[in-house]
Amino acid sequence: MEEVTQVPPPVLERRVRQRQTTVSVLKSKLKHGVTCSVPKVRSTLTGFFPVVRWLPKYKLKEYVLGDLMSGVIVGIILVPQAIAYCLLAGVPPIYGLYTSFYANIIYFLMGTSRHVSVGIFSLMSLMVGQVVNKEMFLAGFDLNEDSKASGLVLNASLGSNLTIGSPHSVELMGVQCGKECYSISIAAALTFMVGVYQLLMAVFRLGFVSVYLSSPMLDGFATGASFTILTVQAKYLLGIKIPRHQGYGTVVVTWFNIFANIHNTNLCDLITSAICISILVAGKEIQERYKDRLKIPFPTELIIVAGATLASHFGDLNSKYDSSVSGHIPTGFIPPQVPSFTLMPRLALDAIPLAIISFAFTVSLSEMFAKKNGYTVRPNQEMLAISFCNIIPSFFHCFTTSAALAKTMVKDSTGCQTQISSLISALVVLLVLLFFAPYFYALQKCVLACIIIVSLRGALRKFKDVPAKLRASRDDGIVWLVAMFATALISVEIGLVVGVVFSMICVIYKTQNPKVSLLGKASNIDLYEDVEEYKNLMPPLRVQIFRFQAPLYYANKNSFLRSLYKAVGVEPFLELTKRRKEEKKAKEMSSKQIKANGDKSNGEVVIGLVERELDFHTIVLDCSAIPFIDSTGMATFEGLVKEYGEIRVNVFLANCNTSVIDLLQKGQFFGKNDKDMSSRLFHTVHAAVLHAKDSYAAAESRSENSGV
């Protein structure tokens, strides 16, 4: 017979790379880090304070008008929001103005984004407020702002916490601290811890933590938190005096308390809320509809605050109708004070989610607007900037800050060019702090609640997008729903944890149940694709090509094996067991025939029938969609080669990336000195198929020659 020549597969030669040892890498980094020179000091300082780089290059004629306009507009929006968000944070209004002022100044010096507006943010204020109210509750303070709660309140331990008689106080840092003092002390200590965590994350380059906060999870978390904010503010709309619920299920318990005390609704607050919400929503709708014609946003919030303050003052609504008002807001600044270190151990865990969320929102917003406007930001410097926006203001009676989407969008739409606009906004807040703060005394709290609730329209509108999310990606839609419901129905902190864990579980589930397929060859071209997805593909004769679209590691090893056995239709262990049983049965039959007639040839014929052939002689594993494997994955490959080899089926690997090849070489998958590498590993599926056919033909030729 004519001898079949075996075509050698194409070989790619790997580059030899000299990898540095860990010690040498550490030495070089240490040498680079401790080296001191004038250029390096200058580079470090300008890197730490980016304003030194861009301010001397400021184009006055080109930039000043846009920066001035956006700074004034954001400052005007910022003042009523700074006062309003203090309701969420559980601190008096003056501290919201302090927070807005200092955060804008520090980010002006240290931020790398030209458009981000850093300051008070509703989500951060809510999370701060929950911690403040929890600690106030534990310290024995009355959580009701007006010191007299409405009738029925669903909170079993509330009675033991109400103080009757003289005002309650606690000793803090050697000083007797009342309700206002203790609340801002908690907020400042919490803010200091948040800043320290963010600083440590920046120093140790832990920004990768934010990659685990997927976009659907963050959207669901923000929407659930928005619903919680709406719930917390609902009592102010109705003028019902109930304390904020402590613990899990804030939304459910708060709505129960509201409906249980609905008969105590303050009609003055209700009417004021209805009027303010109508005007605010109408103003927002008009602004959105005619945003192309309006050059600057209409300051609806400021008009509402000014009008409501005048109406409350001249109508004497607080005295006549018992409407809750903001109260005295002092002018000027309070002397700085070191945050209370005695409170920090109790706040250490509470500060972690605040640090992560504050950093994640700031970096994502800065990168989003940098990409939109054609420049770059430094994420690690952003983390440093937001950390110092929390550490330094904590000494000046401020609470936690982050980038705020709504105000950032306003800056971008009003012609902002640089962070000079933040400086202008800080000056607007400074004017209020120095001169106008006392005029907000008569401002009703229900008006502030209206401002907060209307600002949530964007987040609450995302409920309409749920069907589209589920259609686009069922997994992302489910992650959004789980994060939203966990945040709204349990708590904000638990919602964040549940959202992150559930997102990771979804990813793990995908790797454990990936798409698998058998491949076929396109006509007249060396291309192999999924036979179920594409038409006119022909599987190679007696060769099975299997693709597994996930990493192969300990968690999905069994899924890989099940999928492979099901796809090719042969499980080697069962096939071998079946053959052995048939061989044993054949031997028994042969021995009986020998005893009966003494003829040995029949036994040989029967035993020969056991050696039946399968529909295929080779399995090619297309590893193009396997990004990595671990030791368990390598052991799985070794087991397949051995087990299928026992039933005379070859197993080849194709399209492996270099990291997979390196691991297989280190584990001696290809034998000592990689002697079997050229016969087991191929750079393309087609090369593996050709080698399989040639190897089988050569084996058949040898078998026929030996038979002859």
Side-chain angles (χ1 to χ4, degrees), residues 51 54-55 58-85 93-94 96-109 111 113-122 279-280 283-284 286-288 290-310 329 331-333 365-366 369 373 389 401 403-440 443 447-448 451 454-455:
V51 65
W54 61 261
L55 191 58
Y58 188 79
K59 300 176 182 178
L60 188 64
K61 293 182 179 179
E62 191 175 334
Y63 293 164
V64 69
L65 186 61
D67 284 341
L68 183 63
M69 183 181 295
S70 66
V72 171
I73 292 170
V74 171
I76 290 171
I77 295 172
L78 195 57
V79 170
Q81 286 192 355
I83 298 171
Y85 287 161
I94 187 66
L97 296 171
Y98 289 160
T99 302
S100 300
F101 174 74
Y102 287 111
N104 276 285
I105 295 291
I106 295 168
Y107 192 80
F108 161 76
L109 297 172
S113 172
R114 303 175 192 172
H115 296 85
V116 161
S117 175
V118 171
I120 53 173
F121 181 40
S122 58
I279 296 173
L280 285 168
K284 296 289 184 184
I286 292 171
Q287 191 166 294
E288 288 180 6
Y290 300 103
K291 60 183 178 181
D292 296 332
R293 300 182 185 179
L294 295 172
K295 293 184 178 180
I296 59 173
F298 199 61
T300 317
E301 290 93 342
L302 187 65
I303 293 172
I304 285 290
V305 166
T309 302
L310 291 173
I329 304 177
T331 55
F333 291 89
L365 279 179
S366 62
F369 281 89
N373 291 279
C389 283
T401 59
L405 175 61
K407 290 186 282 292
T408 302
M409 291 179 69
V410 169
K411 287 181 72 170
D412 183 51
S413 64
T414 52
C416 170
Q417 298 292 332
T418 67
Q419 282 297 328
I420 289 288
S421 61
S422 294
L423 197 60
I424 303 297
S425 299
L427 292 176
V428 173
V429 176
L430 181 63
L431 287 175
V432 175
L433 278 169
L434 295 179
F435 303 108
F436 301 111
Y439 295 107
F440 294 106
L443 179 60
V447 177
L448 300 177
I451 293 172
V454 173
S455 71

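Model, not experiment: these values are computed from the prediction.
- Side-chain atoms of Gln419 come within 3.5 Å of backbone N or O of Val116 as a donor-acceptor pair.
- Heavy atoms only, all atoms of each residue included: Gly71 and Val428 are closest at O-CG2, 4.5 Å.
- Between Leu433 and Thr331 there is no side-chain heavy-atom pair separated by less than 4.5 Å.
- We find the CD-CD1 distance between Glu301 and Ile303 to be 9.5 Å, quoted to the nearest 0.5 Å.
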Go through the steps to decide whether Ser100 and Gln81 satisfy the test side chain to side chain contact (heavy atoms under 4.5 Å, CB included), and finish with yes or no.
CA-CA 10 Å; Ser100 300; Gln81 286 192 355; over 6 Å; no
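- Put simply, OG1 on Thr414 and CD1 on Ile73 are 5.0 Å apart, with the number rounded to the nearest 0.5 Å.
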Are Tyr439 and Thr309 close enough, and set up right, to give a side chain to side chain contact (heavy atoms under 4.5 Å, CB included), and what steps lead you there?
CA-CA 8 Å; Tyr439 295 107; Thr309 302; 5.7 Å; no
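- Side-chain N or O atoms of Lys407 include none that pairs as donor or acceptor with a backbone N or O of Ile77 at under 3.5 Å.
- No side-chain heavy atom of Ile451 sits less than 4.5 Å from a side-chain heavy atom of Tyr85.
- Using modelled atom types, no side-chain atom of Thr418 and backbone atom of Arg114 make a donor-acceptor pair closer than 3.5 Å.
- Annotation for Pro80 and Leu448: closest pair O-CD2, 4.2 Å, computed over non-hydrogen atoms.
- Classification of the Tyr58-Tyr63 ring pair by plane angle, with boundaries at 30° and 60°, yields perpendicular.
- Heavy atoms only, all atoms of each residue included: Gly96 and Ile120 are closest at O-CG2, 4.3 Å.
- In summary, the side chains of Lys411 and Ser117 do not present any donor paired with an acceptor at a separation below 3.5 Å, with no hydrogens or angles considered.
- A heavy-atom distance below 4.5 Å is not found between the side chains of Asn104 and Ile424.
- Between Trp54 and Phe108, the angle of the ring planes goes over 60°, which puts this pair in the perpendicular group of the 30/60° scheme.
- Closest heavy-atom contact between Thr401 and Ala103: CG2-CB, 4.0 Å.
- Side-chain atoms of Cys416 and Asp67, non-hydrogen and from C-beta on, do get closer than 4.5 Å to each other.
- Taking CD1 of Ile279 as the reference point, atom OG1 of Thr300 lies at 9.5 Å (rounded to 0.5 Å).
- The shortest side-chain heavy-atom distance between Val79 and Phe436 does not fall under the 4.5 Å cut-off.
- Of all non-hydrogen atoms in Ser425 and Ser70, the two that sit nearest each other are OG-O, 4.5 Å.
- When all heavy atoms of Cys389 and Tyr107 are compared, the closest pair comes out as SG-N, 3.7 Å.
- Under the 3.5 Å distance criterion, the side-chain polar atoms of Gln417 are left unmatched by any main-chain donor or acceptor of Val64.
- For Leu65, the CG atom is loosely surrounded, since the number of other residues' heavy atoms within 6.0 Å does not exceed 12.
- Remark: Leu427 CG to Ser422 OG distance equals 11.0 Å, nearest 0.5 Å.
- The OG1 atom of Thr99 sits 10.0 Å away from the CD1 atom of Ile94 when rounded to the nearest 0.5 Å.
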Under the criterion side chain to side chain contact (heavy atoms under 4.5 Å, CB included), I'd like the reasoning laid out for Phe101 against Leu78: C-alpha separation, chi angles, the key distance, then a yes or no.
CA-CA 10 Å; Phe101 174 74; Leu78 195 57; over 6 Å; no
